[in-house]
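Only one structure is covered here, and it is reproduced in the block below.
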Amino acid sequence: MIRISTIFIAICMVLVAASLGLVLYSIAGISGTESAIVALTALTFLILYNAVSMRLRDRTDVGGQIADLSRGTADLARQVAEFGRRLAAVEGRVVSANSAGADRIQAIVGEINELGVLVKELAVSVAGHEDMLSSGVPSAAPPAPKPEDAPPKQPPAAAAEEKSVVVVAAAPVKIVEGPAPSRSQAQILTAVKNAMEENRIDIYLQPMVTLPQRKVRFYEAVTRLRDDKDQILSADDFIGVAEAAGLIGRIDHMVMLRCVQVLRRLMVRNKDVGVFCNVAAATLGNPTTFAQCLDFLEANRALAPSLVLEFKQATFRNLGPIETEHLAALAQRGYRFSVDHVADLRIEPRELADRGVRFIKVPASLLLDQRQTSASDIHPSDLSDLLGRFGIDLIAERIEGERAVVDLLDYDVRFGQGFLFAPPRPLRPEGASATAAASPGKAQDSNGSGKIASVEDPGLGPPRTTGNAALARRAAGPPG
């Protein structure tokens, strides 16, 4: 935009040139044409003079600005050089720290390798002593007096006693895990009714651990029934018959009662522990049975954060209006849900999260199956992150090998469950002593503390510990 001073100068130059022409015309007697030419010539010279003077003034200003910019550039270059020097010093410190850390890691690896060699040698030594004990050869010992010749003959007897304990402890496991042979549906139904009347519904607990720490975080309550001969019926054996006979609702109600009792015992020692309780779809869809369960859960609403109700994947896929309303009633009271028996990875996490699902249990074999990559909408390795965005934790179940654990860690799985960590174990009744020779202090601890170790079979611990301790003493050799 033209400045006012420039306009004023231009008007002045025109007035000066016009005045000059007028003076020449009126005083000097020059013709009008010649006076006009002289006026235009004067105006041209004035314009040229003004332009040159303005150009010189602008050049001076630009030169000053360029000098200021040069000084700023020099200051910036010095600052960049200083930052480069500091960055080089930091890089040198990082490299030295990395080299020192690598040296420490190498030293630790060397120590671990040495420990591994020592453990292998110890295992070979223990195996040799076990062979000696099993073959009845007495271990090397200093000669003892005549009356004490009998004790060296005790190791074979002790070994035989230990073997007998192992056989006795292994037999119930076969009975527990194996279903009763050749039972008809009528016999199973009779056994279920008798077990309900005589309170022979047992709760087995299987831990769910964090990965890779393998710290117990939750327990799943697994239902078992005992018939008149104390033979164990697993859930797969009697659930179908109980649902057909309309008894599954009463069984679920009794299991909820047991789960709450177990949870109260566990929370005495650990407030962060939780229990997963399985609920059948028939119970969820039966208004009468569900009303009883809801009243019981309402009375124990304080345990809602630690009691997780577990349903099958098929139950969530076939929800009707009644089931949806019942789920909403449970979620309104603060109870969280889990989904198990997952058959495929076509999962809608947003819908499940809106219904109150906070855990999904997927078999490890299904997660690690490469065929699921093409059959599902998401790669199994991204499933944990996807569920985590909606507040759902992924639990890998039926883990049976260390190789599966390594692969699952690559999938960012946080929880695991399976026989690799621990099989389902019966819950020891309150007030029962661990062994016949247990001390009163131990019995008191198992009664009042609700110790998690009470889940384990009490008959397996002490004989094993005693045999290993004796074996270690024999491996150490006689003193002196």
Side-chain angles (χ1 to χ4, degrees), residues 168-180 183 188 191-192 194-196 198-209 216-242 247-248 250-267 269-270 273-280 283 306-312 338 340-341 359 361 363 395 397-400 415-432 434 446 450-461:
V168 171
V173 174
K174 293 181 180 178
I175 295 176
V176 170
E177 298 300 332
R183 287 179 182 266
I188 295 177
V192 170
N194 293 337
M196 294 174 60
E198 301 177 9
N199 197 20
R200 289 200 301 267
I201 298 180
D202 298 331
I203 295 296
Y204 284 53
L205 296 184
Q206 186 175 20
M208 285 172 269
V209 301
V216 176
R217 182 64 180 84
F218 304 100
Y219 289 93
E220 181 179 1
V222 183
T223 308
R224 297 287 187 266
L225 298 184
R226 286 181 290 113
D227 60 7
D228 298 336
K229 299 179 181 179
D230 280 342
Q231 291 182 340
I232 304 301
L233 292 178
S234 63
D236 295 336
D237 297 331
F238 68 83
I239 282 183
V241 177
L247 301 176
I248 193 64
R250 292 178 56 190
I251 294 177
D252 283 347
H253 188 269
M254 298 174 68
V255 171
M256 285 183 187
L257 175 62
R258 292 289 189 87
C259 288
V260 169
Q261 293 174 349
V262 170
L263 183 58
R264 291 186 183 278
R265 291 176 58 185
L266 294 176
M267 291 182 68
R269 298 296 297 273
N270 186 4
V273 74
V275 173
F276 281 56
C277 180
N278 289 275
V279 182
T283 303
S306 300
L307 182 61
V308 181
L309 303 179
E310 192 165 77
F311 303 91
K312 296 181 179 179
S338 173
D340 68 345
H341 288 77
F359 301 94
K361 297 169 66 174
I395 302 176
E397 62 176 351
R398 304 176 193 173
I399 301 176
E400 299 180 356
F415 298 98
Q417 178 184 4
F419 281 82
L420 174 65
F421 310 114
R425 297 183 183 274
L427 180 68
R428 186 168 54 197
E430 244 180 320
S446 64
K451 191 175 181 181
I452 297 177
S454 63
V455 177
E456 300 179 356
D457 188 0
L460 297 178

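When each of Arg226, Arg258, Arg224 is tested with Asp202 by the rule side chain to side chain donor-acceptor pair (under 3.5 Å), just one qualifies, namely Arg226. If you run side-chain contact (heavy atoms from CB on, under 4.5 Å) between Cys259 and each of Val308, Leu205, Leu309, Leu307, only Leu307 comes through.
Side-chain contact between Val273 and Val275 is absent, with no heavy-atom pair separated by less than 4.5 Å. By the 4.5 Å heavy-atom criterion applied to side chains, Val255 and Ile203 are counted as neighbours. Using a 4.5 Å cut-off on side-chain heavy atoms (C-beta onward), Thr223 and Asn278 make no contact. Side-chain contact between Lys312 and Asp340 is present, with heavy atoms from C-beta onward closer than 4.5 Å. Residues Ile201 and Met196 are in side-chain contact: their nearest non-hydrogen atoms beyond the backbone lie under 4.5 Å apart. For the pair Ile251/Val192, a side-chain contact is recorded, criterion being any heavy-atom separation below 4.5 Å from C-beta on. Thr283 has its side chain out of reach of His253: every pair of non-hydrogen atoms, C-beta onward, lies at least 4.5 Å apart.
The shortest heavy-atom contact between Tyr219 and Met208 is C-CE, 3.8 Å. Counting all heavy atoms, side chain and backbone alike, Ser338 lies closest to Glu310 at OG-OE2, 3.1 Å. Nearest approach of Pro207 to Gln417, heavy atoms of both residues: O-CG, 3.7 Å. The nearest pair of heavy atoms linking Tyr204 to Pro424 is CD2-O, 3.7 Å. Between Gly416 and Phe421, the shortest heavy-atom contact is C-CE1, 3.8 Å. Residues Ser234 and Phe238 share a closest heavy-atom pair of O-CD2, 2.9 Å.
Here Glu220 contributes atom CD and Glu397 contributes atom CD; the two are 7.0 Å apart, rounded to the nearest 0.5 Å. Within the model, atoms CZ of Phe276 and CZ of Phe359 stand 4.5 Å from one another, a figure rounded to the nearest 0.5 Å.
Under the 3.5 Å distance criterion, the side-chain polar atoms of Asp252 are matched with a main-chain donor or acceptor of Ala280.
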